[in-house]
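What follows is one structure encoded as structure tokens, with my remarks underneath.
Numbers here simply count residues along the sequence, with the first being 1.
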Amino acid sequence: MNKPIRVAVTGAAGQIGYALLFRIASGQMFGPNQPVILQLLEVPVEKAMKALEGVCMELDDCAFPLLAGIIQTSKPEEAFGDANWCCLVGAKPRGPGMERADLLKDNGKIFIEQGRIIDRVAAHDCRVAVVGNPANTNAMIAASQAKRLPPDRFTAMVRLDQNRAVTQIAKKANVPVTAITDLFIFGNHSPTMFSAFHLAKINGKPLTQVIGHHEWLKGELQETVGKRGAAIIAARGASSAASAANALVDHVRDLMTPGAIHSVAVKSNGEYGFDPDVWAGLPVKTVAPGQYEVIKGLPMDDFARQKIAATNKELVEERNTVKDML
Ligand code: NAD
Ligand code: LMR
């Protein structure tokens, strides 16, 4: 058994928290030989802290062999203290009729404070995964407050979008999801995101040779994946939670697994024409546990370039909306 790692989770008593913590504690995020200490943050409000207490009782009641300790707190310094991973979930979700960017002013403040505190008190090898929306820009905001931790430690989740696109494509081609590879999400976790179907493969063959219906790939696929979050809110009356938690397990596990190829929102550094200072969904390869490289030089046609320009424009606008806060 390895030495336990410390995993901070914010918004731990929320919907995603409830679907996430049990999977981390059972070993699905860090593997079967890696004990974890969960450091759980909630807002200092009685209802939230009581709910967190209940979740922690349930965690205890699972008798997870890998769960080496639990901290329940409303103090960010305690939650992030010596943390090796910080999963930033706690934030307001959108309701019907809202775009994720409408949350920016309220949620942005959370990420200013948390970025500063993580930089001050987390472990030297700390990695941060942002889920709270608008996730890309919130990751940029948190990273902007860090002086010790470099920007590449701050990632945001577009894995839910990748998983959504994989399933839509698998259904269309009538193949299992495992047949789909190299499906990357470029840009923002918003309706402007680009599901780059032209790079994907089905059973090792170019996807566009298997699915000849190019109008569907450029139209309905992009719409369905881009607006899936809103469709779930309309159907469920609440935003996606179990699938978001599942995507975070995939995001972190693949970032800890050398050789994994997946979509992650990271500081672009100008790749594929993105503004260098936005956090954009990009294809990455994990090169060592917690370390990744952006996969460069993949071919882009006119359609891809237009889609990337549109999602980049939105990311730049979001950054401009919060620039006075940074
Ligand atoms: P929720 O309202 O059920 O839970 C959020 C929890 O965060 C609440 O318990 C709240 O008390 C807590 N919280 C709020 N501010 C906090 C702070 N400063 N510190 C610690 N905790 C805080 O919401 P949810 O459904 O769990 O969603 C959480 C966030 O994740 C939302 O912003 C939602 O839009 C986002 N989300 C992102 C994705 C994605 O793919 N990136 C997917 C689904 C949801
Ligand atoms: C999602 O994609 O399901 C989440 O980002 C929640 C939302 O607001 O759409």
Side-chain angles (χ1 to χ4, degrees), residues 8-11 41 43 75-77 79-92 94 99-159 185-190 192-193 248 251-252 255 263-282 284 290-294 308 311-326:
V9 178
T10 70
L41 183 68
V43 288
K75 296 189 181 73
E77 286 80 0
F80 299 132
D82 297 323
N84 306 102
W85 269 92
C86 297
C87 299
L88 305 187
V89 178
K92 213 160 117 180
R94 66 172 163 157
E99 280 305 338
R100 297 179 187 97
D102 297 335
L103 298 169
L104 201 43
K105 287 276 176 187
D106 283 345
N107 286 347
K109 288 183 213 132
I110 298 175
F111 292 87
I112 294 265
E113 190 208 13
Q114 293 187 351
R116 263 181 214 160
I117 299 175
I118 288 169
D119 193 51
R120 191 150 47 76
V121 304
H124 285 300
D125 68 351
C126 179
R127 264 86 192 164
V128 180
V130 176
V131 175
N133 277 318
N136 299 52
T137 298
N138 287 338
M140 183 277 293
I141 292 173
S144 76
Q145 302 304 301
K147 299 191 171 62
R148 177 177 60 117
L149 299 173
D152 66 356
R153 300 288 186 85
F154 292 79
T155 62
M157 193 172 89
V158 287
R159 184 57 178 264
I185 302 294
F186 284 76
N188 204 2
H189 173 60
S190 85
T192 67
M193 75 184 74
L248 185 60
H251 172 108
V252 174
L255 280 172
S263 312
V264 181
V266 299
K267 185 176 187 296
S268 94
N269 295 319
E271 300 307 342
Y272 295 99
F274 282 102
D275 182 288
D277 294 319
V278 298
W279 261 246
L282 286 167
V284 310
Q291 284 174 37
Y292 56 83
E293 279 170 0
V294 171
I308 287 176
T311 194
N312 177 58
K313 181 168 175 277
E314 183 182 51
L315 285 166
V316 170
E317 282 163 7
E318 286 184 16
R319 190 185 61 199
N320 287 341
T321 309
V322 295
K323 70 174 188 299
D324 295 343
M325 287 165 64
L326 304 179

[X] side-chain N/O to [Y] backbone N/O, donor-acceptor pair under 3.5 Å:
X      : Y      : value
Asn107 : Asn133 : yes
Arg94  : Asp102 : no
Lys109 : Met325 : no
Asn136 : His189 : yes
Lys267 : Met140 : no
Arg116 : Gln145 : no
Arg127 : Val252 : no
Asn138 : Gly132 : yes
Asp106 : Leu103 : no

Between [X] and [Y], is any pair of side-chain heavy atoms under 4.5 Å apart?
X      : Y      : answer
Tyr272 : Asn312 : no
Leu315 : Trp279 : no
Arg100 : Asn188 : no
Cys86  : Cys126 : yes
Leu282 : Ser268 : yes
Tyr292 : Val264 : no
Val294 : Asn269 : no
Asp152 : Gln291 : no

Chi angles and distances behind the side-chain hydrogen bond (donor to acceptor under 3.5 Å, both in side chains) call for Asn84, Asp125: CA-CA 6 Å; Asn84 306 102; Asp125 68 351; 3.0 Å; yes

A quick test of your reading: do over 12 heavy atoms of other residues, nucleotides or ligands sit less than 6.0 Å from CD of Glu317?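 Yes - once you tally the heavy atoms of other residues, nucleotides and ligands closer than 6.0 Å, there are more than 12.
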
Can you tell me which residue among Val89, Leu88, Thr10 is in a side chain to side chain contact (heavy atoms under 4.5 Å, CB included) with Val131?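 Passing option: Val89.
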
Distance from [X] atom [atom1] to [Y] atom [atom2], nearest 0.5 Å?
X      : Y      : atom1 : atom2 : answer
Lys75  : Ile117 : NZ    : CD1   : 12.0 Å
Glu314 : Met193 : CD    : CE    : 9.0 Å
Arg319 : Asp277 : CZ    : CG    : 5.5 Å
Ile118 : Phe111 : CD1   : CZ    : 9.0 Å

Could you label the plane-to-plane angle of the Phe186 and Phe274 rings as parallel, tilted or perpendicular, counting under 30° as parallel and over 60° as perpendicular?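 The rings of Phe186 and Phe274 lie parallel, inter-plane angle below 30°.
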
For the student: nearest non-hydrogen atoms of Ala122 and Ala83, plus distance: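 That closest heavy-atom pairing would be CB-O, 3.7 Å.
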
